[in-house]
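Written below as C-alpha cells is the structure these notes are about.
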Amino acid sequence: MSHSHTITASSIAIVSDIQVHQGQTVIQGQPLLMLHIMGTDLPIVAPQAGVIRRLLVSTDDEVETEQALIEIDHISHSDVALTDPKSLSNVESALYAFRTRQQLTLDEARTKALSKRQGQGYRSARQNLADLCDVNSFMEYGQFAVAAQRQRRDYQELKSATAADGIITGVGGVNGAPDSDVTSTRYKTAIVINDYSVLAGTQGFFHHQKLDRILAVAEQQKLPVIMYAEGGGGRPGDTDITVVNSGLQCASFSSWARLSAVVPRIAVANGYCFAGNAALFGAADIRIATKQSWIGMAGPAMIEGGGLGKVDAKDIGPIAIQAKNGVVDIVADDECHATELAKRCLGYFQGDCEYSAKEQAEKQAMQPLLRDVLPDDRRFVYDMRQAIELLADSDSFTELQRQFGGAIISGFIRLQGKPVGVLASDCKVLGGAIDVDAGEKAAEFMQLCNGFNIPLLSLCDTPGFMVGPEHEQRGAVRRLSKLFTGGAKLSVPLVAVTLRKCYGLGAQALLGGSTMKPHYMLSWPTGEFGGMGLEGAVKLGFSKELAAQENSAARQDLYEKLVAKQYANGQASEVASVLEIDAVIDPADTRQILIQTLFQ
C-alpha cells in the first residue's frame, strides 16, 4: 500500500539540478534534485522509498518558500525490490544510509525549525555557515552528534530535532577570492555556529565536547575563530551521561579564554545570548551583535531562580545598553550584516589586500584635503573621522565601540592594503579629554594590536585626562593607568601624529607613554604641546598677576596675552626645535610618511 507526499521548498531558491524522472523508483535517502540557496547547493532527498509521481519544477526554475517541487508515492522497501530488481551493493547501501543520516542534520529535513527561524526574521545556523565561508572548503566536525538524551527520547527523533547537538563546528575558508585557494593557511578559519533551533541553543554534554575539540584544533593549527553565540547556558536535560551534577568540570570556557593573544577570536550575537553563550561572547577579541540582540550573564530562568523576580528576556541586556557600555564592539543590522562585518574584521588579521595603482593614485590625490580638516579657530571642534577616512585606503576603516568611551576613536584601517590599528582623539566628546571608559578602551585595543602584530597609528588632539571629583569616584587613578601599561608593553611599530592639542598625562598615554615612545613622533603645524591645557596653565601659573589687575577688562587682556605667549612657546615648531618631537609635517604628507615609516 502506498501514499502520496509532496516535497516543498523550505525557502526561496533556484533549482540547479534534477536527478530523477517521472515514474522512477527511488529509495530512502536518494538525491532527487538540488536547490541553490545562499550561494550553496542543497540536496533534496527522498524521505522514504517511493515512485516519482510528478515533477513540478524544471532546472533553473526560481521557487518560493513552500512551493511544491515533487510528488512522490511512498511504497514499502519490499515493493522497491519488486519494481526495481537491481539490488544495491554493500557500498551503495552504506552510501545511501550515510546520505540519509546526513540529510537529517540539514535545513531541508528540518523545515519546521527553518520556518520558525525565518518567521522571526532570522537565518538558520547552516544559512549563516553558507554565507560565512566557502561551503566546498568546510570540513565539519561532529555533524552526527545528538543530544545526550537517548534514554528519555526516541533516537530517530533526536537525529533531526537535536541535529549536531545544537552546534556546528569545523574548519573552512573565509575571505578567499573565488579564484584563490580558500583552504590555504591564510584563509583557514575555525568556525563555531550555535543553533538556537536545537533546544533553544542550550549547551549540552556533546555540544561542549564538540566546542572543546574545535578550540583545540584552532590552538594546535593557529587558526582564527569565528563564533556565533546564540542561546542559553547549561542544559539540565541531558541524562545519558553520568557527570557531577554541577557540571563545573566543563573546560570550554577556559579553552576559549586560553586562545586570547594566540589567535584572533570574533564573536557574533543574535537574538537571546545568555549565561554560557554570553560568557563566550564577552571573552572574544571582537564582539559583533545584531540590533535584535539581548545579552546577559543570566537569562530569565536563572534570575527568577536566584530569587530576583520574573524578568522578561527582552529586558536583559538589550543592544542599546550593551553597545553603550562597551560589551558590543559593532552593532549590525541583522545576521547578514553581522556576517559581513565578521569577515571584514577577520580580514585585518589575515594580512594585506590588493588595491589597484589607480585606487592608490586617487587616494593620494585626496591628501591635500587634510589641510582643511581643522577649523581656523583652535577652540572649535571638527570631525576626526574625516581625517581618518582621508588618510586610510578607501572603505577600509572599521570602528570598534563607537558608543563607548567616545573621547577616543578606535578601529582598523588599511594603508596601501596593509592593516593598521588606529587610536584617535574625538574633540566632539568631552573636548577630547580621556575619561575612564576611553582609557580602558584604548588600553585594550593596544593589547589586541600588539598581540597580533598589527602596527598602531595614534592621532592626538587631547587636553589630557578627564579630571574632577565625579571622575575620581569612577576609579580614574586605577583605570586610566591601564593606558600607560598598554603603551609600555607595545612591541609593534607605533607612529603618532599630533593634529592640535597634546597636553598632559593623557597625551603622553595616548602616545604610548611619552613623545619618545613612537617610532616617529610627528605633528602638524597646528600642534600645541604642554604639561596641561594653555588656559589652565595661565590661570594656575599666573593667578597672582591676574588677580592684581584692578578691572575685568585689564585682567582679560593680560590673560589673552599670557595664553598667546604660552601658545607661541608650545607650538609644534618650537617643541621640535628642542627635540621633544621628531618632525613637523604638512598634513598632506601624512599618509605617505606613515607608509614609509611603517612599511618601507
Assess whether atom [atom1] of [X] is packed by more than 12 heavy atoms of other residues, nucleotides or ligands within 6.0 Å.
X	atom1	answer
R213	CZ	no
Q151	CD	yes
E66	CD	no
Q447	CD	no
D333	CG	yes
D154	CG	yes

Would you indicate whether the side-chain heavy atoms of [Y] and [X] approach each other to under 4.5 Å?
X	Y	result
V436	E440	no
F274	P300	yes
L129	C133	yes
I303	I316	yes
F349	I454	yes
D393	K418	no
D165	R235	yes
W256	L215	yes

Against [X], only a single residue in [options] fulfils side chain to side chain contact (heavy atoms under 4.5 Å, CB included); can you say which?
X	options	value
Q127	I193, L132, L114, L42	L114
I70	L33, V57, I18	L33
L69	D61, L32, T8, V63	V63

**OP:** Kindly indicate, with the supporting measurements, whether the criterion side-chain contact (heavy atoms from CB on, under 4.5 Å) is fulfilled by E108 and I7.
**Re:** CA-CA 10 Å; E108 296 303 311; I7 298 175; over 6 Å; no
On a heavy-atom basis, which atom in [X] and which in [Y] lie closest, and how many Å separate them?
X	Y	result
A342	I266	O-CD1, 3.7 Å
L56	A68	CD1-CB, 3.4 Å
A147	L199	CB-CD1, 4.1 Å
I330	C345	CD1-SG, 3.8 Å
F281	A289	CZ-CB, 4.2 Å
K222	E219	NZ-O, 3.1 Å

**OP:** Show your reasoning for whether side-chain contact (heavy atoms from CB on, under 4.5 Å) applies to N194 and H207.
**Re:** CA-CA 9 Å; N194 284 273; H207 178 116; 3.0 Å; yes
Is a side-chain donor or acceptor of [X] paired with a backbone partner of [Y] at a separation under 3.5 angstrom?
X	Y	answer
T189	P224	no
K343	D131	yes
D73	G50	no
Q350	N175	no
S293	T290	yes
D238	G204	no
R101	F144	yes
D107	S10	no
N450	L490	no
R153	L158	no

Starting at [atom1] of [X], measure out to [atom2] of [Y] and round the result to the nearest 0.5 Å.
X	Y	atom1	atom2	result
I52	E71	CD1	CD	10.5 Å
Q103	T105	CD	OG1	7.5 Å
I167	S252	CD1	OG	8.0 Å
I14	E62	CD1	CD	5.0 Å
E230	W294	CD	CH2	10.0 Å
Y228	I288	OH	CD1	8.5 Å

Subject >> D195 and its salt bridge (Lys or Arg N to Asp or Glu O under 4.0 Å) partner, picked from K210, R110, R126, R117 >> reply: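 Among the candidates, only R110 passes.
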**OP:** Start with the C-alpha gap between Y196 and N277, add the side-chain angles, then the distance that decides, and say whether side-chain contact (heavy atoms from CB on, under 4.5 Å) holds.
**Re:** CA-CA 11 Å; Y196 191 82; N277 270 298; over 6 Å; no
Subject >> Q19 and M34: CA distance, side-chain angles, deciding distance, side-chain contact (heavy atoms from CB on, under 4.5 Å) verdict >> reply: CA-CA 8 Å; Q19 297 159 291; M34 300 288 283; 4.0 Å; yes
Show which side-chain atoms of residues 402-413 pair as donor or acceptor with protein atoms under 3.5 Å away, not counting sequence neighbours.
from: S410; atom 1: OG; to: L400; atom 2: O; distance (Å): 3.3

Subject >> Within 45° cone of F397 ring axis and under 6.0 Å: R385 NZ or CZ >> reply: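 The answer is no, since R385 fails at least one limit relative to F397.
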Original post:
Can a salt bridge be assigned to the pair D352 and R414 using a cut-off of 4.0 Å between side-chain N and carboxylate O?
Top reply: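 R414 and D352: not salt-bridged.
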Original post:
Under 30°, 30 to 60°, or over 60°: which ring-plane class applies to F253 and H208, parallel, tilted or perpendicular?
Top reply: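 If you compare the ring of F253 with that of H208, the planes turn out perpendicular.
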Subject >> Residue among T339, D334, N270 satisfying side chain to side chain donor-acceptor pair (under 3.5 Å) with R123 >> reply: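 Going through the options one by one, the only one that passes is T339.
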